[in-house]
Amino acid sequence: MPARPRIQLYPSTPWGLGIFDRVRLPPFWVGVGIALSVFAVYLVYTGLFGRGVGYLEGTRGGRVPWAWLAELIQDLFIGFTLALSAASIRGARRDFAELLPHLDAAEDERPHLERAMLTYSRGPLEALALLGGAATGLLTISDPSLWQDGVIPGWSDPSALWLIARNFVNWYVVVRAMGLELMLGRTFSRLGERVRLPDLLDREPLAPFGRRALRNVLLWMLLAAFLSLTYLGDWATDLMVLALLWLLAFALAAFVLPLTGIRRRVRERKREELAGVRGVLAEVQRPAIAGAGEVAPGRLADLLAWEARVEAVHEWPINAPMLLRLALYLAIGLGSWVGAAFVERLLETALG
């Protein structure tokens, strides 16, 4: 059985991801373990400062027997977001291994390329995550639908303190995961500009970029599908819809970004190849036009056919099956929210 790929920790690796490399389990189950740990803290906190174990006084959930389920969903969101980042890094290493033979890099440079791929300026990423987590967390808890009387019972109230802390962690890990994804996408874009393309008709060197782009969309749409569970609670649903639109827009950006560099490289090679074939065409045609000689039978036709084939090469490493899979992955995110809204309406009708 092949060894499980490791995250390969570097000084810039975000905190919280190291555990995914140390625990010999798939990222999903490690994420579940993190979520259950956060939920255990919640149970202890509510037992000490809340209405009872699993209930926070002052929130709408304080009157709902299964309010603890809403908290569990949010805690799982934390764990799954961390798992998403770990899965993205592991996927990046697999894609890099497939891409390495096609890179225009000296042998002594190749061992450093992977390290460079996973190394970035940690300070700006953490600052962005802190600001984004704080701003989004505060915005979320200010929603009146979270509270029994439509207002926060007080910023020092135990229920408010818990929601501030947990929502901050929620959106901190999301913003950081997004920043990390964009940094990885930019790195793959730069690697794309270094791909050797001796044969423009050979699409194999382009395949890792397509897989990377589709995996990005799938991972983030799975997270969007999980986030749709918050719709069933009817708490802060307007903000959650905005979060869905945000995730959709981000998933599309994460799809395009890794492809931009290889597109530029394909375009550059097309120009080189077309310039070469057109130069040969000019040399072949010139004597014939001047009446100084005859063109070898089939030579001109072969050159014109090759020029047409080069012109027809797609610059984006995208084909019809990829676009179909992209649409299906996006449907996972959108369809889950439509389904959640439908179930919520059924519950409203059934409960009168």
Taking every non-hydrogen atom, the tightest pair across Gly31 and Ala83: CA-CB, 4.3 Å

Which residues share a side chain to side chain donor-acceptor pair (under 3.5 Å) with Trp246, sequence neighbours left out: none

Inspect the contact between Glu193 and Arg190 and indicate whether a charged nitrogen and a carboxylate oxygen are less than 4.0 angstrom apart. no

Could I get the full list of salt bridge (charged side-chain N to carboxylate O under 4.0 Å, His left out) partners for Arg309, not counting sequence neighbours? none

Where Leu125 and Met183 come nearest, the two heavy atoms and their spacing: CB-CE, 3.9 Å

Would you call the rings of Tyr45 and Phe49 parallel, tilted or perpendicular if under 30° counts as parallel and over 60° as perpendicular? tilted

Considering all heavy atoms of both residues, which atom of Pro205 and which atom of Asp202 are nearest to each other, and what is their separation? CD-O, 3.4 Å

Report, as yes or no, whether the 6.0 Å neighbourhood of atom CZ on Arg325 holds more than 12 heavy atoms from other residues, nucleotides or ligands. no

Any sub-3.5 Å donor-acceptor pair from Thr136's side-chain atoms to Gly133's backbone N or O? no

Distance from Asn216 atom CG to Glu181 atom CD, nearest 0.5 Å? 4.0 Å

Just how far is it from atom CG of Leu72 to atom CG of Leu36, taken to the nearest 0.5 Å? 7.0 Å

Please collect all ring pair (Phe, Tyr, Trp, His ring centres under 6.0 Å) contacts where either partner lies in residues 183-224, sequence neighbours excluded, each pair once. Trp220-Phe250

Could you check if a side-chain atom of Tyr172 sits within less than 4.5 angstrom of a side-chain atom of Ile78, using non-hydrogen atoms only? no

Go through the steps for Leu131 and Val175 under the test side-chain contact (heavy atoms from CB on, under 4.5 Å), then give the verdict. CA-CA 9 Å; Leu131 290 174; Val175 173; over 6 Å; no

Taking all non-hydrogen atoms of both residues into account, name the closest pair between Ile73 and Phe226 and its distance. O-CE2, 3.2 Å

Which atom names give the shortest non-hydrogen contact between Asp95 and Arg215, and what distance separates them? OD2-NH1, 2.7 Å

Nearest non-hydrogen partners of Pro317 and Leu259, listed with the distance: CG-CD2, 3.7 Å

Pair Ser189-Arg264, side-chain contact (heavy atoms from CB on, under 4.5 Å): steps then yes or no: CA-CA 9 Å; Ser189 178; Arg264 287 192 292 267; 3.3 Å; yes

As an exercise, state the distance from CG of Leu324 to CG of Leu328, rounded to the nearest 0.5 Å. 4.5 Å

Can you list everything that forms a side chain to side chain donor-acceptor pair (under 3.5 Å) with Asn167? Sequence neighbours excluded, please. none

Determine whether Trp316 and Thr260 make a side-chain contact, defined as any pair of heavy atoms from C-beta on separated by less than 4.5 Å. yes

So, using salt bridge (charged side-chain N to carboxylate O under 4.0 Å, His left out) as the criterion, who are the partners of Arg269 when residues are at least two apart? Glu272, Glu273

Indicate yes or no: at least one non-hydrogen side-chain atom of Ile34 is less than 4.5 angstrom from one of Phe20. yes

Which residue pairs pass the salt bridge (charged side-chain N to carboxylate O under 4.0 Å, His left out) test when at least one of the two sits in residues 30-43, sequence neighbours left out? none

In this structure, CG of Leu281 is separated from CD of Glu307 (nearest 0.5 Å) by 5.5 Å

Compare all side-chain heavy atoms of Glu71 with those of Arg166 and state whether any distance is below 4.5 angstrom. yes

How many angstroms lie between atom CE of Met178 and atom CG of Leu128, to the nearest 0.5 angstrom? 10.5 Å

Measure the spacing between CZ of Phe96 and CG of Leu191 and express it to the nearest 0.5 Å. 6.5 Å

Working note: Val195 + Leu103, criterion side-chain contact (heavy atoms from CB on, under 4.5 Å); need CA distance, chi angles, decisive distance, verdict. CA-CA 4 Å; Val195 173; Leu103 291 179; 4.0 Å; yes

Find out whether Leu326 and Met322 are in side-chain contact, i.e. whether some heavy atom of one side chain is under 4.5 Å from a heavy atom of the other. no

Just do the side-chain contact (heavy atoms from CB on, under 4.5 Å) check on Leu330 and Leu252 with the steps written out, would you? CA-CA 9 Å; Leu330 292 174; Leu252 289 174; 3.9 Å; yes

Quick check: do Arg212 and Ser88 have side-chain heavy atoms less than 4.5 Å from each other? yes

I want to check something: taking the side chain as every heavy atom from C-beta on, are Leu180 and Ile89 in contact at a cut-off of under 4.5 Å? yes

Close side-chain approach of Leu197 to Leu206, heavy-atom, < 4.5 Å: yes

Salt bridge flag under 4.0 Å for residues Glu268 and Arg194: no

